[in-house]
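As structure tokens, the structure follows; a few thoughts come after it.
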Amino acid sequence: MKLKEAIEQLKNGLAGVAEPQEVQAMMRVIFEDVFNYDQVDVALRQESELPDFAPECIADIIARLQRHEPLQYIVGKARFHGHQFKVTPAVLIPRPETEQLVDLIIDENPGSDLRVLDMGTGSGCIAISLARALKFAQVDALDISRDALAVARENAAALKVKVRLFESDMLSPQPPATYDIIVSNPPYVCWSERDAMDSNVKDYEPGQALFVPDNDPLMFYKAIAPYAAQSLARGGSLYLEINQRFGNEVKRLLEQNGFGEVRIIDDSYGKPRFVAAKL
Ligand code: GLN
């Protein structure tokens, strides 16, 4: 199978799945991650022969994308904050909004030797990106899912950072330690919002990492806030990703737990997506 034949097959197979521009983006990922062809190769080597496994592999990818399986799970990788992370269905696919949260923390914390905790780390994308970017930081991360922790461990090793990983339930956290920064992107999508979500999210990504009951949408924040109030050093900072509907409620909750300078920060789509506060 020639490269140009593979492109044709993908274009035809994915026509009903996504808009042409998105199909182009998917093809870039497929050629790069599966066949090691970058964009320049794809443009210049149209006549080159792909390996023997290509026809079967491409047919399989098309079939899975037609069933709305996320491409990142199919290729087993996702890009986040300039790095390549392994992902499996045990972890949420890192979102661009969350990159903004990481940038915010890096911009606001130029100091060195900071002690950082990421609660509900999943693939480890936040913790590992911070460990790479902050100067001499000591980074801890916890998750309830052993399968997620295994993915985070592989990512930390592949990206050559030391992150201490703990198996722990955010709702009954470990004994307090001392941190300068605590960050979390906990589950915050209400079950009633699930129906409106794309099938690639609701049918494939781990519900445990996404959803909260409608009658207690802040359940994770209610556990994180007192834990952070106990564990942060004086002047320490808490950074949270939130459901856009609950900015004011999360702000109030943090104030009730003794936090000050509480800010609600918009994401790049103009939605209130983050809350930052100081102890
Ligand atoms: N932003 C994610 C989504 O919309 C949700 C992440 C989360 O629940 N923490 O799919």
Side-chain angles (χ1 to χ4, degrees), residues 18 22 68-74 78-81 85 87-105 117-130 141-145 147-149 151-152 155 168-171 173 181-225 227-228 238-251 253-254 264-277:
E22 203 188 332
H68 305 288
E69 188 171 340
L71 180 58
Q72 292 93 331
Y73 288 153
I74 299 174
R79 285 163 188 73
F80 181 85
H81 213 259
F85 285 85
V87 291
T88 72
V91 302
L92 216 59
I93 296 165
R95 306 286 201 268
E97 299 90 289
T98 310
E99 289 183 327
Q100 235 182 296
L101 180 65
V102 168
D103 281 334
L104 179 72
I105 298 172
L117 173 66
D118 175 21
M119 300 178 77
T121 197
S123 64
C125 64
I126 297 176
I128 292 166
S129 302
L130 289 176
L142 57 86
D143 206 284
I144 194 173
S145 156
D147 291 341
L149 287 169
V151 174
N155 281 325
S168 169
D169 182 354
M170 258 193 279
L171 296 174
I181 297 172
I182 293 182
V183 55
S184 185
N185 173 20
Y188 60 65
V189 180
C190 290
W191 277 104
S192 61
E193 295 171 311
R194 185 180 181 279
D195 285 347
M197 294 178 94
D198 291 338
S199 145
N200 58 349
V201 178
K202 65 182 175 199
D203 297 338
Y204 290 94
E205 296 201 81
Q208 190 184 28
L210 282 170
F211 298 115
V212 285
D214 284 77
N215 62 8
D216 198 8
L218 303 188
M219 62 188 278
F220 287 99
Y221 303 91
K222 286 184 193 163
I224 293 167
Y227 180 73
L238 177 62
Y239 292 93
L240 302 168
E241 189 173 317
I242 59 157
N243 185 323
Q244 63 196 63
R245 290 165 51 203
F246 300 118
N248 288 323
E249 286 82 348
V250 174
K251 181 170 192 264
L253 175 69
L254 294 184
I264 300 174
I265 299 157
D266 285 357
D267 63 21
S268 53
Y269 309 102
K271 302 262 164 60
R273 182 66 61 208
F274 314 106
V275 174

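Both ligands and their constituent atoms are indexed starting at 1 by order of listing. Just so you know, these numbers use all the heavy atoms, side chains as well, and skip hydrogens, waters and symmetry mates.
- Here is the list of ligand 1 atoms found below 4.0 Å of a heavy atom in P187: 8 (O).
- Proximity of M197 to ligand 1 is established by a heavy-atom distance of less than 4.0 Å.
- Listed by number with element, the atoms of ligand 1 under 4.0 Å from a non-hydrogen atom of A209 are 8 (O).
- Looking at K271 and E97, no side-chain N of the basic residue comes within less than 4.0 Å of a carboxylate O on the acidic one, giving no salt bridge.
- Of all the heavy atoms of E205, none lies under 4.0 Å from any atom of ligand 1, so neither backbone nor side chain is involved.
- For L92, no nitrogen or oxygen atom sits less than 3.5 Å from a nitrogen or oxygen atom of ligand 1, counting backbone and side chain alike.
- Between atom 5 (C) of ligand 1 and the options D198, L210, N243, D267, the minimum heavy-atom separation is to L210.
- In this structure a side-chain-to-backbone donor-acceptor pair under 3.5 Å is present from N155 to S123.
- Counting atoms of ligand 1 from 1 in the listed order, those under 4.0 Å from a heavy atom of N185 are 7 (C), 9 (N).
- The single protein non-hydrogen atom nearest to atom 1 (N) of ligand 1 is Y188 OH, 2.9 Å, given as residue, atom name and distance.
- Between the side chain of K251 and the backbone N or O of V275 there is no donor-acceptor pair closer than 3.5 Å.
- Here the side chain of N243 pairs a donor or acceptor atom with the backbone of Y188 at under 3.5 angstrom.
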Working for side chain to side chain contact (heavy atoms under 4.5 Å, CB included), residues F211 and E193: CA-CA 9 Å; F211 298 115; E193 295 171 311; over 6 Å; no
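- One N or O on the side chain of D143 and one on the backbone of T121 form a donor-acceptor pair closer than 3.5 Å.
- When each of R95, R273, Q100 is paired with D267, the side chain to side chain donor-acceptor pair (under 3.5 Å) condition holds for R273 and for no other.
- The single protein non-hydrogen atom nearest to atom 2 (C) of ligand 1 is R95 NE, 3.7 Å, given as residue, atom name and distance.
- Those atoms of ligand 1 that come under 4.0 Å of a heavy atom in P186, given as number and element, are 7 (C), 8 (O), 9 (N).
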